[in-house]
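Heavy atoms only: backbone and side chains are in, while hydrogens, waters and symmetry mates are out.
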There are 2 protein chains.
Amino acid sequence: MSREKLLEVAERLFAEKGYTGTTIREITREAKCNIASVNYHFGSKKNLYLTVFKERFLPRARLIRETFYKLLKKEKEKTPETVIRAFAKAFFLGPIPREERIISHRLVAREMNQPSEAFNLILKELFEPFFHEIINILSKFFPEKEKLRLAVLSIHAQVLYFNFNRLAVEHFCKRKFDEKFLNEVIEHIVKFSLEGIKGIQKNGMEN
Amino acid sequence: MSREKLLEVAERLFAEKGYTGTTIREITREAKCNIASVNYHFGSKKNLYLTVFKERFLPRARLIRETFYKLLKKEKEKTPETVIRAFAKAFFLGPIPREERIISHRLVAREMNQPSEAFNLILKELFEPFFHEIINILSKFFPEKEKLRLAVLSIHAQVLYFNFNRLAVEHFCKRKFDEKFLNEVIEHIVKFSLEGIKGIQKNGMEN
DNA sequence: GTCTATAGCAGGATAGAC
DNA sequence: GTCTATCCTGCTATAGAC
């Protein structure tokens, strides 16, 4: 069906080139649809953009959350380390192809930089429930919720950065972003963040 | 002079709306210049964009680096903590107005997401020298350079995130991004990252 | 250096045939 | 649901007067 094809192509192009950088002409050309099909199916370019978030971005975000729960269930005991590892891994590994994953992070980064209507969707349907869940789990180990919130944002910052900024990471580390390096990056984020969380909770007591 | 005014307005608009989202018409209107002035002074919109990086972004980046050195010089003894604090603070405080600072981070985030010719400038004239400098200083305390590189990227990820993603941070932490919160965020990044670096170096020995 | 006028083109959107 | 043709607007860029 051309509607699905349009959403697929549009998502990729919006992620790569942004909203204004992408044209209906380009989307329909790559989707091998007629130029009028966007307006027929979605009414406007703007509504196509929003539909991309509702029908492609959010379902994928739900998959990432499910991956987190699955990874966590596999663990016999839930230590801070296994929780953080599951959180970090969910953003990098799982059933979603790598290309789609990068698309998601690009879209998020774009919306953070220049929020549109879609930003509220991301906030309410992804960040809020997911981050609060993580905080609830981790607050058993780290009681200071305010500091825990900042720590979760620090983890998310890293996940986002290592995903959407691969070019600079590769250049700076002089490494190809292959399977091996990806696993090293995940382990880096896990260890770095685990000690980080312990640190801010420890230091917090002194204040 | 209208050339400077054009650069100033163009930088702000490019940061807010991106390259394709910003029009010459809008730039000249806000700069109170004639619509033909962009092509007179810069030859093309694209060259205006590049000039923004050369004449506004990079000088500010140099100021940030200088701030780092000044902050570091003030310290009696250079511990990992004082180095990391100087590094983090340089991105948030100093002689540059907050609005300009956010503009810089937005431009960087845009170029990371969708690199143009300007990305090489950022890489070669900002990231490479600055990050290598930090690594050289920190490698006296933490000898494992590979892990240190990833740690520096983790710090940069946080600095970028808390700067260009203020909307989500405010929403999630239920705090206004005022002076007080800013200082808490800086201290959070410092402590989180300090323990993080210690952690990955410690764990690295076991492998 | 600044301005007006305009070329030349690409953009989103729509009407109406099939 | 798909297509062509077309409208209208807005874009970058330039020529040429001042």
Side-chain angles (χ1 to χ4, degrees), chain A residues 1-57 103 106-107 110-111 113-119 121, chain B residues 1-57 103 106-107 110-111 113-119 121:
Chain A
M1 198 176 177
S2 79
R3 191 179 183 278
E4 296 312 307
K5 186 71 184 164
L6 282 170
L7 284 170
E8 183 194 322
V9 171
E11 182 183 36
R12 180 168 49 79
L13 292 177
F14 283 142
E16 278 172 19
K17 311 182 164 199
Y19 180 78
T20 49
T22 306
T23 65
I24 288 184
R25 290 172 148 81
E26 195 180 4
I27 295 167
T28 51
R29 199 189 316 128
E30 288 206 24
K32 297 188 203 309
C33 293
N34 187 272
I35 190 171
S37 56
V38 163
N39 281 61
Y40 175 76
H41 285 291
F42 304 99
S44 69
K45 181 188 176 187
K46 183 158 185 147
N47 195 53
L48 167 61
Y49 181 76
L50 282 175
T51 311
V52 159
F53 275 87
K54 284 176 192 152
E55 297 192 17
R56 292 200 49 100
F57 176 87
I103 285 174
R106 283 198 199 287
L107 289 173
R110 285 194 186 279
E111 281 292 324
N113 218 339
Q114 190 184 349
S116 78
E117 249 181 88
F119 190 66
L121 280 180
Chain B
M1 199 180 179
S2 78
R3 190 179 183 280
E4 296 311 307
K5 186 71 184 162
L6 282 171
L7 283 170
E8 183 193 322
V9 172
E11 181 183 37
R12 180 168 48 78
L13 292 177
F14 283 142
E16 279 171 17
K17 310 182 166 201
Y19 180 78
T20 49
T22 306
T23 65
I24 289 183
R25 288 171 145 79
E26 197 180 2
I27 295 167
T28 51
R29 199 188 317 129
E30 288 205 25
K32 296 187 204 310
C33 293
N34 186 271
I35 190 173
S37 56
V38 164
N39 282 62
Y40 175 77
H41 286 291
F42 304 98
S44 68
K45 181 188 175 187
K46 181 153 188 152
N47 195 52
L48 167 60
Y49 181 76
L50 282 175
T51 312
V52 159
F53 275 87
K54 285 176 191 154
E55 297 191 18
R56 295 204 43 104
F57 177 87
I103 284 174
R106 283 197 200 287
L107 289 174
R110 284 194 186 281
E111 281 292 325
N113 218 339
Q114 190 182 349
S116 79
E117 249 181 272
F119 189 66
L121 280 179

May I have the distance from [X] (atom [atom1]) to [N] (atom [atom2]), rounded to whole angstrom?
{"X": "L6(B)", "N": "dT2(C)", "atom1": "CG", "atom2": "C1'", "answer": "12 Å"}
{"X": "K5(A)", "N": "dT2(D)", "atom1": "NZ", "atom2": "P", "answer": "14 Å"}
{"X": "Y40(B)", "N": "dA15(D)", "atom1": "OH", "atom2": "P", "answer": "15 Å"}
{"X": "I35(A)", "N": "dC7(D)", "atom1": "CD1", "atom2": "P", "answer": "15 Å"}
{"X": "F42(B)", "N": "dG1(C)", "atom1": "CZ", "atom2": "C1'", "answer": "13 Å"}
{"X": "I24(B)", "N": "dT2(C)", "atom1": "CD1", "atom2": "P", "answer": "16 Å"}
{"X": "E26(A)", "N": "dG12(C)", "atom1": "CD", "atom2": "C1'", "answer": "14 Å"}
{"X": "K32(A)", "N": "dC3(D)", "atom1": "NZ", "atom2": "P", "answer": "13 Å"}

Closest heavy-atom pair and its distance - N39(B), S44(B):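 Taking N39(B) first and S44(B) second, the nearest heavy atoms are ND2-CA, 4.3 Å.
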Least distance between heavy atoms, A10(B) atom then L48(B) atom: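 Minimum heavy-atom contact is CB-CD2, 3.8 Å.
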Within the structure provided, determine whether [X] and [Y] are in side-chain contact (heavy-atom separation under 4.5 Å).
{"X": "F14(A)", "Y": "R106(A)", "value": "no"}
{"X": "Y40(B)", "Y": "N34(B)", "value": "no"}
{"X": "T51(B)", "Y": "R3(B)", "value": "yes"}

Nearest-nucleotide comparison on DNA chain C, the residue closer to the 5′ end among N34(B) and M1(B):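 Here M1(B) is the residue nearer the 5' end.
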From [options], nucleotide with atom closest to [X] side chain:
{"X": "A36(A)", "options": "dG1(D), dA15(C), dA15(D)", "answer": "dA15(C)"}
{"X": "R25(A)", "options": "dG12(C), dT4(D), dC11(D)", "answer": "dG12(C)"}
{"X": "H41(B)", "options": "dG1(C), dT4(D), dA13(D)", "answer": "dG1(C)"}

Geometric cation-pi criterion K46(B) and Y19(B), 6.0 Å radius, 45° cone: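 That pair does not qualify as a cation-pi contact.
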Think [X] has a side-chain N or O under 4.0 angstrom from the OP1 or OP2 of [N]?
{"X": "N39(A)", "N": "dG12(C)", "result": "no"}
{"X": "T23(B)", "N": "dG10(D)", "result": "no"}
{"X": "S37(A)", "N": "dT2(D)", "result": "no"}

Any residue of residues 43-55 of chain B with a heavy atom less than 4.0 Å from an atom of DNA chain C: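 Within residues 43-55 of chain B, no residue comes under 4.0 Å of DNA chain C.
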Sugar-phosphate, base or nothing in reach of T20(B), heavy atoms under 4.0 Å: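 No contact.
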Sugar-phosphate, base or nothing in reach of T22(B), heavy atoms under 4.0 Å: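 It contacts sugar-phosphate atoms only.
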Single hit among T23(B), I24(B), T28(B) for side-chain contact (heavy atoms from CB on, under 4.5 Å) with E26(B):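 It is T23(B), the one option of T23(B), I24(B), T28(B) that forms the side-chain contact (heavy atoms from CB on, under 4.5 Å) with E26(B).
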